[in-house]
Number of protein chains: 2
Amino acid sequence: MSQFAEPTTAPETVAEALARMDAIAETLPKRLKQCATFTRHHLHLIAVSTVSEMAQAADVAPSAFMRFCQAMGFSGYSDMQALFRTQFTSFRPDYDTRLAQLRPSVGADAGRLMMDFAESGHKSLLSLTGSVTSESMNGAAKAMAEARIVHLIGLRRAYAVAVNMAYYFGKLEVPCVLHASVGLQDLAPVICKDDVLFAITFAPFSEETIKLARRAANNGARVIGLTDSETCPLSSFADDVLLVRENEVGGFRALNGAITLSTALSVAVGAVKNTD
Amino acid sequence: MSQFAEPTTAPETVAEALARMDAIAETLPKRLKQCATFTRHHLHLIAVSTVSEMAQAADVAPSAFMRFCQAMGFSGYSDMQALFRTQFTSFRPDYDTRLAQLRPSVGADAGRLMMDFAESGHKSLLSLTGSVTSESMNGAAKAMAEARIVHLIGLRRAYAVAVNMAYYFGKLEVPCVLHASVGLQDLAPVICKDDVLFAITFAPFSEETIKLARRAANNGARVIGLTDSETCPLSSFADDVLLVRENEVGGFRALNGAITLSTALSVAVGAVKNTD
DNA sequence: CCCTAAATGAAATTTTTATTCCATACGCTG
DNA sequence: CAGCGTATGGAATAAAAATTTCATTTAGGG
């Protein structure tokens, strides 16, 4: 036995789990360290894999992976997996109870609120690596790199994301136009065949964004969408739709997933353009 | 039995599955249609949930959900789940080699790049909880909630963060002005004693932002800074400085830490204002 | 209003997966 | 290089989940 050495209070958040993992990694014996290393780099797999699968991928015996979970302070693999699954299920049955716990804190403690948003950010990033495929990223990057002009549209909550991309495109010398709400109507005809429109909209979807995207599609432009829901109207006519599910804290969603994806995509577009 | 009616060739992609689902939805009996509707609306749950959980959430018996899977052309729930799980696992090729060399050459693989930025985001969020204290958050939230007007300034890379806060302040009815680069000079006198200026600037620091902040301080306004380095000029005259260290990927920094902090802070300000 | 075919849900069964146990291998210390 | 404690992987066991079965209900047609 070795667990008598640990304080053995199980991590209750992804942030805690990551911290614990980093903390104990060096002290673990060979095989268990292998587990730690692999897990750290494939966090997103925990939610959807069995112990055997994880063990095999990490090249250890299932029982070794089991011991790793216990060294982390969990009672077993299922226990650990449950934590990483909440990113998807946080609005399921126990959602109400969780939310009820969060709401009181919203009123008072800004520090606590920041911890909640940080935790929420971890979860958004975890699901990001699951919901967006390598192919769709590469496809989008290639299309945008080949475009005559990349048009960016994102209103309200999505505006910050559009602004973020516009900044990187500026730095990387990717020709782009950031469409703001004024003059949306007038500018639609400008978007034409060899262009790409990158449209960002989160539920409830902005009517103006959808309208502009539809007109662009009719003009023959390629439309790539970034949204947070399968029910996004863009899905019906856009050429590609990237789906980012953001976690929420008491009804508010930070933009971690979207900011990360848009930054990676912008840099990728710049990279493709510069390797031509 | 009813499956003799179907062509019963199982969908092999998510797209095919969705098409099939839409195609058969209308022809299904009550309970099975319930399954289809729920599943269509909560696609992301399939990968991480058991039949019982899905059935319960859709308010049908597990066996009914089972029949739904078969009507879809799958042999059972596991079969269907496997399809939705591949989108998580299909995405990792040779990622390990990458992190061995902690210095990623910004290559053309957008998928890998996203993994790098996601990992970088985790690290930014971890250090966030270390470098920003609860007290400084609470102090900033209180000051901003009591201000006559909150002025926001952030240029270039920091602009997305300022835009993000402006959005939340708008929603939460916190009086605020977002200062853009045009008219910076003219607007400085507007910032006066009972106001707070929230200035966001990352290294290399934007001259205009510093200048505006300094003039605001001279006018007697309270200045709160958000930056990523101890060497920020704001430190010498701002009332508070929040420090967020962002991780980088090949020289590029995503805004995870700053977006998370600014969102939490905005919500906190709104909360303090509304509990008065 | 009855009869028939389809649909439904509870419970039994089978299969898969998690977890524990233990004999063996390994590495360290004296 | 012997002796001891730890680490390890395979095999046994326990738990959980998927799948099937079947008695009962429901809806529609004659």
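All values reported here derive from a predicted model rather than from experimental measurement. Lettering follows sequence order; numbering is per chain, from 1.
- Between B:His122 and A:His122, the ring planes are parallel. Angles under 30° get that label, and only those over 60° would be called perpendicular.
- Ring geometry for A:His42 against A:His44 counts as tilted: the plane angle lies between 30° and 60°, on a 0 to 90° scale.
- Once rounded to the nearest 0.5 Å, the distance linking CG of A:Asp116 with CG of A:Asn247 reads 11.0 Å.
- Each of A:Gln81 and B:Ala64 was assigned the nucleotide of DNA chain C with the nearest heavy atom; the assignment lying further toward the 5' end belongs to B:Ala64.
- Contact between the side-chain N/O atoms of A:Ser78 and the OP1/OP2 oxygens of C:dT19 is found at a separation under 4.0 Å.
- Of the candidate nucleotides D:dG9, C:dG9, C:dA7, C:dG9 has the atom nearest to the side chain of B:Ala61.
- Residue B:Glu53 contributes atom CD, which lies 10 Å from atom C1' of D:dA17 at whole-angstrom precision.
- As rounded to whole Å, 16 Å separates atom C1' of D:dA18 from atom CZ of B:Phe74.
- Protein atom NZ of A:Lys33 is 16 Å distant from nucleotide atom C1' of D:dT6, rounded to whole Å.
- For the pair A:Arg85 CZ and C:dA18 C1', the computed distance is 12 Å after rounding to whole Å.
- By the 4.0 Å N-to-carboxylate-O rule, B:Arg20 lies too far from B:Glu16 to be salt-bridged with it.
- Contact of B:Ser63 with C:dA10 (side chain to base): a donor-acceptor pair of N or O atoms is detected under 3.5 Å.
- Regarding B:Ile46, its CD1 atom lies at a distance of 16 Å from the C1' atom of D:dA18, rounded to whole Å.
- Among D:dA7, C:dT19, D:dT20, the nucleotide with an atom closest to any side-chain atom of A:Met66 is C:dT19.
- Regarding A:Phe65, its CZ atom lies at a distance of 18 Å from the C1' atom of D:dG10, rounded to whole Å.
- Look at CZ on A:Arg31: it is 15 Å from P on C:dA25, rounded to the nearest Å.
- Distance CE (B:Met80) to P (D:dT19): 12 Å, rounded to an integer number of Å.
- In this structure, the nucleotide among D:dA17, D:dT19, D:dG9 sitting nearest to the side chain of B:Thr50 is D:dA17.
- Residues A:Cys35 and A:Val60 share a closest heavy-atom pair of SG-CG2, 3.7 Å.
- A sub-4.0 Å separation between OP1 or OP2 of D:dT20 and a side-chain N or O of B:Gln70 is present.
- Which of C:dA7, C:dG9, D:dT19 sits closest to the side chain of B:Tyr77 comes down to D:dT19.
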